[in-house]
Amino acid sequence: MPEQPDGAALADLQHRFTGAVLQSRLSVPAGIRREVRSTHERRFGVYRNNVKASLAAALAARFPVVARLVGDEFFTAMALVFIERHPPRSPVLAEYGAAFATFLERFDPAASLPYLPDIARLEWARHVAFHSADTDPADLAQLAELPPEALGSVRIGLHPAMAVIASPWPIVSVWTTNTYDATPEAPAADWTGETALVTRPHLDVLVQRLPPGTDLLVAALAQEIALGAAADAVSRTQEGFDLATALSTLFSAGAVAILSQGSSS
Amino acid sequence: MTADCLLRAGAGLKPEHQRHILEARPDIGWFEVHAENYMGAGGPPHHFLERVRALYPLSVHGVGLSIGSADGMAPGHLARLKTVVERYQPAIVSEHLAWSTHDGTFLNDLLPLPYTEATLSLVTRHVDEVQTVLGRRLLIENPSTYLRFDGEEMPETDFLRALAQRSGCGLLLDINNVVVSAANHGFDPHTYLASFPHEHVGEIHLAGHAVLESGGETLLVDTHDRTVSPQVWSLFRDVIARRGAHPTLIEWDSDVPAWPDLEAEVRQAQSLLQTAGGLDARAA
């Protein structure tokens with residue numbers, strides 16, 4: 001008779017099982033019944049494959065443009081390296097993949113596509129927006145109704161689903177053509193950076209380009225700085241910043257949830 | 001605990017079908033969802049599930065609690081499951097006889113447990129904790145497995161009977177899992193079903209599996225990606241004729257077909273439930 005397994009024996013078995021599922025170079029853990037010696041590895045392989053293929057498929061669904069840019073075969077190979085190094089830490093699979101963009105920055109085989117990590121950031125922001133809390137967006141008319149003297153002290157509360165991703169690469173153009181076009185447009189010779197705004201005013205997640213300086217305005221608003229002071233600060237650092245365009249873009253995309261008056265300003 | 005309206009066949013709710021279901025309102029008994037898909041703060045998943053829930057009874061099927069983890073169930077997960085259950089008020093809540101989390105790493109599969117007294121007391125403790133926190137009975141599903149362990153002390157059916165007796169939980173009988181495990185471990189599914197503790201069953205699952213042939217061996221893999229096999233249908237007929245009808249789910253989780261194909265499977269299960277006299281007996 002083998003030793004009577006107790007809680008510690010089960011913990012040890014699960015520890016070895018976990019390691020061998022994730023690291024294919026590790027052999028099948030001891031303690032598995034060897035009734036069919038020849039198929040030992042293959043049977044354990046079903047679990048390895050269930051775990052890794054399901055996680056790779058989840059990542060491919062979450063990062064479809066990254067997958068299209070590198071091709072399915074390359075993506076799967078890359079995903080398997082990611083899964084081995086960064087296995088999920090939560091049984092809620094929707095939380096898996098937050099570290100993918102940072103992983104891509106250091107993934108040498110993909111170094112020829114330097115914009116890949118920022119595309120992954122954009123796709124992750126879309127995924128987070130899909131699951132974020134629901135709130136009705138504020139309308140630009142609400143701002144227009146305020147007396148002019150109250151505009152400077154208004155505080156703009158950002159919508160819970162909104163995110164801004166600034167990049168030295170034209171990530172919105174790359175994402176758009178690879179999402180909607182049967183044949184993606186070739187990159188322009190003189191690429192310029194783009195800042196993406198991700199929102200989900202209702203059910204659908206939206207992606208658009210932010211006008212120059214708008215990301216700085218969003219950052220200031222996120223710190224609960226009143227609109228007047230935030231706009232002044234951005235104007236000082238961003239040449240050609242146009243507050244009306246910035247606000248119109250943010251409101252029409254559903255990036256604003258609530259307007260309130262600062263009590264002291 | 002089973003509501004009369006649930007003594008019918010149901011389908012797993014898939015995002016691909018949600019809009020159609022809300023528009024067409026197909027005449028099927030109920031829907032089942034994976035609890036983990038509704039643990040986000042908001043968005044389309046909750047939007048659609050609230051509307052489906054307003055029209056149909058619901059079953060919440062957990063796939064991530066890791067009831068068999070030696071180092072404790074997935075941290076914080078039970079609280080999230082409770083939130084889903086309180087929000088959607090399902091008729092049935094179920095989980096698996098399996099583990100998936102160890103030392104904080106989640107493996108996204110239902111991994112096998114050695115059937116020993118030590119495992120039984122661990123799993124009983126965890127099921128008891130879940131039922132206490134949720135304030136209701138849990139159904140535990142028999143797993144599909146690809147390997148077994150040295151030093152096992154009892155067959156799966158004895159393990160499940162003892163678990164139900166000690167914890168007061170019910171069982172979810174997955175007939176496809178019985179067929180998959182039977183083929184993989186060389187036992188007769190009829191023998192398994194003859195010794196299964198049917199008196200604790202509160203739900204039945206039916207699903208499709210893949211046949212993997214290589215190296216001179218055939219393995220069945222629980223893929224949920226196709227129609228229910230003839231053998232599973234036949235065992236289902238036997239079980240409900242001899243042991244009584246239970247709410248029955250068609251699980252189809254990958255390569256999800258167009259709704260009419262899934263609905264056809266649900267209708268076949270429904271028609272067998274009726275033939276078995278389940279509905280007539282309840283109506284009489």
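All figures in this text were calculated on a predicted structure; none of them were measured in a lab. Naming convention: chains lettered A, B, ... in sequence-line order (proteins, then strands); numbering from 1 in each chain.
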Distance-only side-chain donor-acceptor flag, A/D118 / A/S167, under 3.5 Å: yes

Within 6.0 Å of CZ in B/R87, more than 12 heavy atoms from elsewhere: yes

A/Y96 versus chain B, the contacting section by heavy-atom distance below 4.5 Å: neither

Close approach to chain B in residues 60-86 of chain A, criterion heavy atom under 4.5 Å: none

Derivation and outcome, salt bridge (charged side-chain N to carboxylate O under 4.0 Å, His left out), residues B/R148 and B/E152: CA-CA 8 Å; B/R148 301 294 340 149; B/E152 296 203 65; 2.8 Å; yes

Steps toward salt bridge (charged side-chain N to carboxylate O under 4.0 Å, His left out) verdict (B/E86, B/K82): CA-CA 6 Å; B/E86 284 180 349; B/K82 186 180 168 71; 3.2 Å; yes

Check against side-chain contact (heavy atoms from CB on, under 4.5 Å), B/E95 and B/I140: CA-CA 5 Å; B/E95 250 288 353; B/I140 292 292; 4.2 Å; yes

Chain A contacts, top residue of B/A70, B/G40, B/P44, B/A41 (heavy-atom pairs, under 4.5 Å): B/P44

Segment of B/T105 engaging chain A (4.5 angstrom heavy-atom cut-off): both

Pair A/T179-A/T176, side-chain donor/acceptor within less than 3.5 Å: no

Residue selection (most heavy-atom pairs with chain A, distance under 4.5 Å) from B/S100, B/S69, B/A74: B/S69

Ring geometry between B/W99 and A/F17 (parallel below 30°, tilted from 30 to 60°, perpendicular above 60°): perpendicular

A/L93 portion near chain B, given a 4.5 angstrom heavy-atom threshold: side chain

Option that, when pairs with chain B are counted at under 4.5 Å, heavy atom only, ranks first among A/L55, A/N50, A/L22: A/N50

Residue part contacting chain A, namely of B/T145, when any heavy atom lies under 4.5 Å: both

Between B/Y115 and B/E156: side-chain donor-acceptor atoms closer than 3.5 Å: yes

Heavy-atom proximity to chain A below 4.5 Å, by part of B/N108: both

Proximal component of A/R89, with respect to chain B [non-hydrogen, under 4.5 Å]: both

Short N-O contact, B/R80 and B/E36, less than 4.0 angstrom: no

Residue among B/D71, B/T101, B/L111, B/V221 with most heavy-atom pairs under 4.5 Å to chain A: B/L111

Minimum side-chain heavy-atom gap A/H15-A/T18 below 4.5 Å: no

A/I165 and A/L197: CA distance, side-chain angles, deciding distance, side-chain contact (heavy atoms from CB on, under 4.5 Å) verdict: CA-CA 7 Å; A/I165 299 101; A/L197 172 66; over 6 Å; no

Heavy-atom pair count under 4.5 Å with chain A, highest-scoring of B/M39, B/H46, B/H47: B/H47

Residue part contacting chain A, namely of B/L107, when any heavy atom lies under 4.5 Å: both

Short N-O contact, A/D12 and A/R16, less than 4.0 angstrom: yes

Ring geometry between B/H20 and B/W259 (parallel below 30°, tilted from 30 to 60°, perpendicular above 60°): tilted

Donor + acceptor pair across side chains of B/H209, B/D222 (<3.5 Å): no

Which atoms of B/L113 approach chain A - backbone, side chain, both or neither, heavy atom under 4.5 Å: side chain

Positions in residues 125-134 of chain A that reach chain B, provided some heavy atom is under 4.5 Å away: A/F130, A/H131, A/S132, A/A133, A/D134

CG (B/L55) with more than 12 external heavy atoms under 6.0 Å: yes

Interface residue of largest heavy-atom contact number with chain A, from B/D109, B/T223, B/D103, under 4.5 Å: B/D109

Sidechain N-carboxylate O distance under 4.0 Å for B/E213, A/R42: no

